[in-house]
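Only one structure is covered here, and it is reproduced in the block below.
Worth knowing before you read on, the calculation uses all heavy atoms, side chains too, and leaves out hydrogens, waters and symmetry mates.
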Amino acid sequence: MNGLIEFVKTLGAARLAAMGAVTALLIGFFALVILRISTPAMAPLFTELSLDDSARIAKELDAQGISFELRADGSTILVPKPDVTRLRMRLAESGMPRGGSVGYEIFDKSDALGTTSFVQNVNHLRALEGELARTIRSIDRVASARVHLVIPERQLFARDKQDPSAAIVLKLRGTLDQSQVRAIRHLIASAVRGLKPEKISIVDERGKLLADGSGNEGDPVASGLEDRHAAYEKRLKDQVESIISNVVGPERARVQVSADIDYSRIQQTSDTFDPESKVARSTQSREETSGTASSDQGVTVGNEIPNVTARGLPPQNPAPVQRDQSKKTEEIVNYEISRTTRSETIEAGRVKRISVAVLVDGSYVKSDKGDMTYQPRSKEELDRITALVKSAIGFEQKRGDQVEVVNLRFADSPVVQVAEEQSGMFSSLRFTTDDIFQAVQILVIVVLSGLVLLFVIRPLVRRIITPDEAAKARATAAPAPDAALPAVAAPALAAPDNPAARLIEVAQIQGEVAAQSVQKVGELADRNPHETVSILRQWMHEKTA
């Protein structure tokens, strides 16, 4: 303990204060590093929440003792990443988030005995609106939805009946095409009894009317044909852009497709007779045979007497008998001529003509100065692109299809895309952005910790452990006390005001330094004998020279 106390006394108050300050800073630094590393990564639990849902979820998380963060004015809640799935399942069991609307869970905790029919009808309407809003929000590009239903009450002894109607307000992520708008209308109409699709109005968050609910929307068949026409042109355009972008690069080509489609519906029936092809359909044969007999006798009394033979009288003047026979044969043959009956119905949507216009940008080559220079594409390359476009659209010369490919320089400069080689590795290892960011943070913290250890702690420790040279010299300059000398002689020699003592101290310091130098030279000579011999030989040659 005495040695430790003496060592502390030799450090001095300044060194002790510096050591304490540095120790406190190091403790704080490493505590911050440990806290940062031990803090789990936060991930979004829910986004785009209403304030009502945020309050309910925050209250539930506080009750469970789970740390969370609120961002984007309370619409986004972040929780530790390992607990995201578990918390979502637990909150879904509790019916959260509700999305700012009330569904059929309104009847779970209601008192049916003390509730009037009016309240029950209002709750049923609220529940139906909430469930429809949740269903619409499940559609892509729909961020939120509000549904308002108008269901007239059935009046007794009323002859006229009012139809239900609905109004829907959507908050979109992008835009909706007409087919998606019609899908939403038919979805709502199918969920409400008596509601017709043309009685549903749809408005987006900017006040743009997406569907009119007045009921006067023209012919639905015509609107469907227009959608089919637009979808057909868009499909051809996407096909052409997809195949050209692989040749000229992304966003380096512009394609416009115009299709002339015949929407007339034709029904035709045709009969074809082949006179060369005949078949016996039926055969009828008839044969007749007839004969007649006559006697040529004169008129006599005997001939005129009746029953001459019965009375026993001999016949009078018998004459020879003449007989006529005839035979008739008839044959009727019915032939059937070959007949072909063809009924054909040609549906609407026949393509009469397709016109495609393609604008292609040139190529850009990097010069020696690092600038991008424009170069137009050759005619052979344009011909190849034209052939690809014709194959993609099903080009037919007979119906008058037209394809035009033009090479012009675009006004905007090309976007230089640098391929990242590490993206493939990260995708194969399934690294997310949060994992990469956390790994970078840990790497930075490790590098800073190493720098602090090397350039702050190490020099400080060496300076603290190594004593001061002046103090060491003063300690070694004082001679050992002799028993024969008086007790007061030693302080007189070590007094700092004595010039002889100062000279002695300086001489001792110089002697120690020289001895240390000789000792170090001897150690170097022992460690490196060959280098020492070569140095001595060099010195000898220099002296002889």
Side-chain angles (χ1 to χ4, degrees), residues 179 182 186 190 196-197 217-233 235-236 239 257-356 390-403:
S179 61
R182 288 200 310 274
H186 284 279
S190 302
K196 299 179 180 179
E217 299 190 13
D219 188 6
V221 177
S223 61
L225 294 177
E226 291 177 359
D227 293 339
R228 288 177 56 188
H229 191 176
Y232 179 74
E233 291 181 346
R235 181 170 62 85
L236 291 181
Q239 290 177 356
V257 178
S258 177
D260 186 7
I261 301 178
D262 186 7
Y263 292 107
S264 59
R265 189 172 183 269
I266 300 174
Q267 292 182 352
Q268 58 185 7
T269 303
S270 60
D271 292 337
T272 304
F273 296 92
D274 187 5
E276 300 297 333
S277 176
K278 57 183 179 179
V279 179
R281 182 178 180 182
S282 62
T283 302
Q284 182 179 1
S285 300
R286 181 180 180 183
E287 184 176 353
E288 296 181 358
T289 303
S290 62
T292 59
S294 64
S295 60
D296 190 7
Q297 298 178 359
V299 179
T300 61
V301 175
N303 294 334
E304 294 297 330
I305 295 175
N307 299 325
V308 175
T309 307
R311 290 179 181 181
L313 297 177
Q316 300 293 327
N317 301 323
V321 178
Q322 297 179 358
R323 294 181 178 179
D324 297 333
Q325 293 183 355
S326 63
K327 185 177 182 181
K328 182 179 179 181
T329 302
E330 293 181 359
E331 184 176 2
I332 300 174
V333 180
N334 295 323
Y335 291 95
E336 189 73 26
I337 300 176
S338 177
R339 176 185 177 183
T340 302
T341 301
R342 180 180 180 183
S343 298
E344 183 179 4
T345 301
I346 302 176
E347 297 292 341
R350 298 184 305 277
V351 179
K352 299 172 62 178
R353 182 184 178 187
I354 299 176
S355 300
V356 181
K390 289 182 178 180
S391 300
I393 66 173
F395 181 84
E396 290 186 9
Q397 186 68 31
K398 295 181 179 180
R399 67 185 180 189
D401 293 350
Q402 184 178 1
V403 175

Pairing residues for D271 by the salt bridge (charged side-chain N to carboxylate O under 4.0 Å, His left out) criterion, not counting sequence neighbours:
R339

Quick one, R286 and I332 - any side-chain contact, counting heavy atoms below 4.5 Å?
no

One should read off an interatomic distance between Q402 CD and Q397 CD, to the nearest 0.5 angstrom, of 10.0 Å

Taking all heavy atoms of I393 and all of R399, pick out the closest pair and write down the distance.
O-NH2, 4.2 Å

Evaluate the side-chain proximity of R235 to V257: yes if any heavy-atom separation is below 4.5 Å, no if none is.
no

A side-chain contact here means heavy atoms from C-beta on lying under 4.5 Å apart; do E331 and T283 qualify?
yes

Are any of the side-chain heavy atoms of V356 and L236 separated by less than 4.5 Å?
no

Rounded to the nearest 0.5 Å, what separates atom NE2 in H229 from atom OG in S258?
6.0 Å

Shortest non-hydrogen contact between G394 and D401, atoms and distance
O-OD2, 3.9 Å

Test side chain to side chain donor-acceptor pair (under 3.5 Å) applied to R350 and S264, step by step:
CA-CA 8 Å; R350 298 184 305 277; S264 59; 3.2 Å; yes

Look at the side chain of R353 and the backbone N and O of D260, then say whether any donor-acceptor pair between them is shorter than 3.5 Å.
no

Shortest non-hydrogen pair, V403 vs F395, comes out as CG2-CD1, 3.9 Å

Mark yes when over 12 heavy atoms from residues, nucleotides or ligands other than E288 sit less than 6.0 Å from its CD; otherwise mark no.
yes

With sequence neighbours left out, the residues meeting salt bridge (charged side-chain N to carboxylate O under 4.0 Å, His left out) with E344 are R342

